[in-house]
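Presented below is the structure to which this report refers.
Atom set for the values below is all heavy atoms of this structure, side chains included, hydrogens, waters and symmetry mates excluded. Index from 1, following the sequence.
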Amino acid sequence: MSKTIVALDCMGGDNAPEEIVKGAVLAVNENKNIVVKLVGMEDAVKKELSKYEYDKELIEVVNATQIIETGEPPVAAIRQKTDSSLVKCLYMVKRGEADAMVSAGSTGANLVGGHVIIGRLKGVERPPLAPLIPTKDGVALLIDCGANVDSRPSHLIQFAKMGTVYMENIVGIQNPRVGLVNIGTEEEKGNALTKETYQLLKQTKGIHFVGNIEARDIPEGAADIAVCDAFVGNVILKTYEGVGAVLLSKIKGSIMNGFKNKIGAMLIKKDLKATMKSFNIEEYGGAPLLGLKGLLVKTHGNSKAIEIKNSIFQCATFKEMDLNNKFKEKLELNN
């Protein structure tokens, strides 16, 4: 099996390059079938690399002299900063020098670059961002969470199809349940977008549509795929992250509040640790931008090494499962 080559934007995000480089080292030390190309300011990247032991054949440094900052206008940044770490990663994927790329940098620049430089698969109308989010008994795919705030019904149908392929092949859920995020479960609920999409989803071949779901149903595991436009999806994702962080903080605070609590926590430490880990979004990697000619995985701006590592692993699985060809096959249904 050929190695998966991942271009990693080392200068994007709040914790660059320290956590980005650390994540790359963790990935290659755990999976010898991955090669990571660290793209960024060479001196800074090599300084971080010098802290770790790793197989030198599995990590390569590619110099980039510019950085795209989060607040920059995305289109202008992509055009003007051609020697930035982000743009270099995009072109490496476009030219086939890398199978995929991972970036914690500007979401806008990643989205623009994905469309303009890497390009869409034939037949894909709007590539969606699709992160895995924790549920009571596993995970669900939230699609779209940030790429298309003004979607049409035809876009949401494609999201459901691509989401089905992703969950079957990446997560291993056969015939995953597709739910349309709405303000009620009744068929007649919602706005013009959700009402029209509902009727189309009922007629769509190759998916398992279970109807409308409310946002509160997602953590309960009411669907394996939560379909929505990016405005709704981004609100759900940010609420998830905020509530999750507060709950984890509260639990940790309660554990440390008094001797009896500390003793009790020691008795259930293993189970408690596993539960808290399952609700840590970092454990699931970043959000892939599905439907491009090459894979782009966007991680959180404050990503730590564990999320970078898991995002790199996502890239390897994506390649091994040949997902792009499976997307093409699924999108041909109903056409």
Side-chain angles (χ1 to χ4, degrees), residues 1-13 16-17 20-21 23-25 27-28 31 33-46 48-49 54-69 72 74-75 77-121 124 127 129 285-299 303 307-320 322-325:
M1 183 185 295
S2 62
K3 286 182 167 56
T4 300
I5 301 173
V6 179
L8 183 58
D9 174 10
C10 288
M11 310 314 295
I20 313 297
V21 172
V25 173
V28 299
N31 186 338
N33 205 41
I34 293 174
V35 172
V36 180
K37 295 188 177 184
L38 301 177
V39 186
M41 295 187 171
E42 192 171 5
D43 291 343
V45 172
K46 286 184 174 179
E48 290 304 315
L49 266 180
Y54 60 94
D55 186 339
K56 302 300 188 291
E57 293 185 358
L58 300 181
I59 289 184
E60 175 187 338
V61 178
V62 178
N63 188 40
T65 61
Q66 296 173 306
I67 301 173
I68 293 179
E69 304 292 347
E72 291 185 65
V75 175
I78 291 292
R79 287 176 177 170
Q80 296 167 12
K81 293 190 171 181
T82 55
D83 202 53
S84 63
S85 53
L86 175 53
V87 172
K88 280 202 162 186
C89 287
L90 289 163
Y91 274 108
M92 289 168 71
V93 174
K94 177 182 176 64
R95 292 192 292 257
E97 296 166 5
D99 297 301
M101 64 170 284
V102 174
S103 174
S106 162
T107 299
N110 271 284
L111 295 178
V112 170
H115 281 77
V116 174
I117 296 174
I118 297 176
R120 292 174 291 164
L121 287 172
V124 173
L129 276 170
L289 187 60
L290 302 179
L292 297 179
K293 293 177 181 177
L295 179 61
L296 186 163
V297 177
K298 172 66 179 74
T299 67
S303 290
E307 184 170 353
I308 299 300
K309 181 194 79 169
N310 288 327
S311 296
I312 292 169
F313 288 166
Q314 275 181 290
C315 297
T317 307
F318 195 98
K319 179 188 176 184
E320 289 165 13
D322 193 23
L323 244 59
N324 272 356
N325 279 325

Closest heavy-atom pair and its distance - [X], [Y]:
X: Ser103; Y: Leu86; answer: OG-CD1, 3.9 Å
X: Ile308; Y: Ala24; answer: CG2-N, 4.3 Å
X: Val124; Y: Pro127; answer: CG1-N, 4.0 Å
X: Lys319; Y: Lys3; answer: NZ-O, 2.9 Å
X: Lys293; Y: Arg120; answer: CE-O, 3.2 Å
X: Met101; Y: Leu90; answer: SD-CD2, 3.5 Å

Between the main-chain N or O of [Y] and the side-chain N or O of [X], is there a donor-acceptor pair closer than 3.5 Å?
X: Lys88; Y: Gly40; result: no
X: Lys94; Y: Gly294; result: no
X: Gln314; Y: Gly286; result: yes
X: Asp99; Y: Ala316; result: no
X: Asn110; Y: Ser106; result: yes
X: Asn324; Y: Leu292; result: yes

Taking the side chain as everything from C-beta on, heavy atoms only, tell me whether [X] gets closer than 4.5 Å to [Y].
X: Ile20; Y: Glu48; answer: no
X: Gln66; Y: Ile68; answer: no
X: Tyr54; Y: Lys56; answer: yes
X: Val36; Y: Val25; answer: no
X: Val116; Y: Ile78; answer: no
X: Cys315; Y: Val297; answer: yes
X: Val39; Y: Asp9; answer: no

Say you draw a straight line from [atom1] of [X] to [atom2] of [Y]; how long is it, rounded to the nearest 0.5 Å?
X: Cys89; Y: Lys37; atom1: SG; atom2: NZ; value: 10.5 Å
X: Leu295; Y: Leu290; atom1: CG; atom2: CG; value: 7.5 Å
X: Ile312; Y: Thr317; atom1: CD1; atom2: OG1; value: 12.0 Å
X: Asn33; Y: Thr4; atom1: CG; atom2: OG1; value: 6.0 Å
X: Lys298; Y: Leu111; atom1: NZ; atom2: CG; value: 8.5 Å
X: Ile67; Y: Cys10; atom1: CD1; atom2: SG; value: 11.0 Å

Do Asp83 and Thr65 have a side chain donor and acceptor closer than 3.5 Å? yes
Note: Lys81-Glu72 ion pair, threshold 4.0 Å (strictly below): yes
Take a 6.0 Å sphere around CZ of Phe313 and say whether it holds more than 12 heavy atoms from other residues, nucleotides or ligands. yes
Assess the residue pair Val93 and Leu296 against the criterion (side chain to side chain contact (heavy atoms under 4.5 Å, CB included)); give the C-alpha distance rounded to whole Å, side-chain angles, the decisive distance to 0.1 Å, and a yes or no. CA-CA 9 Å; Val93 174; Leu296 186 163; over 6 Å; no
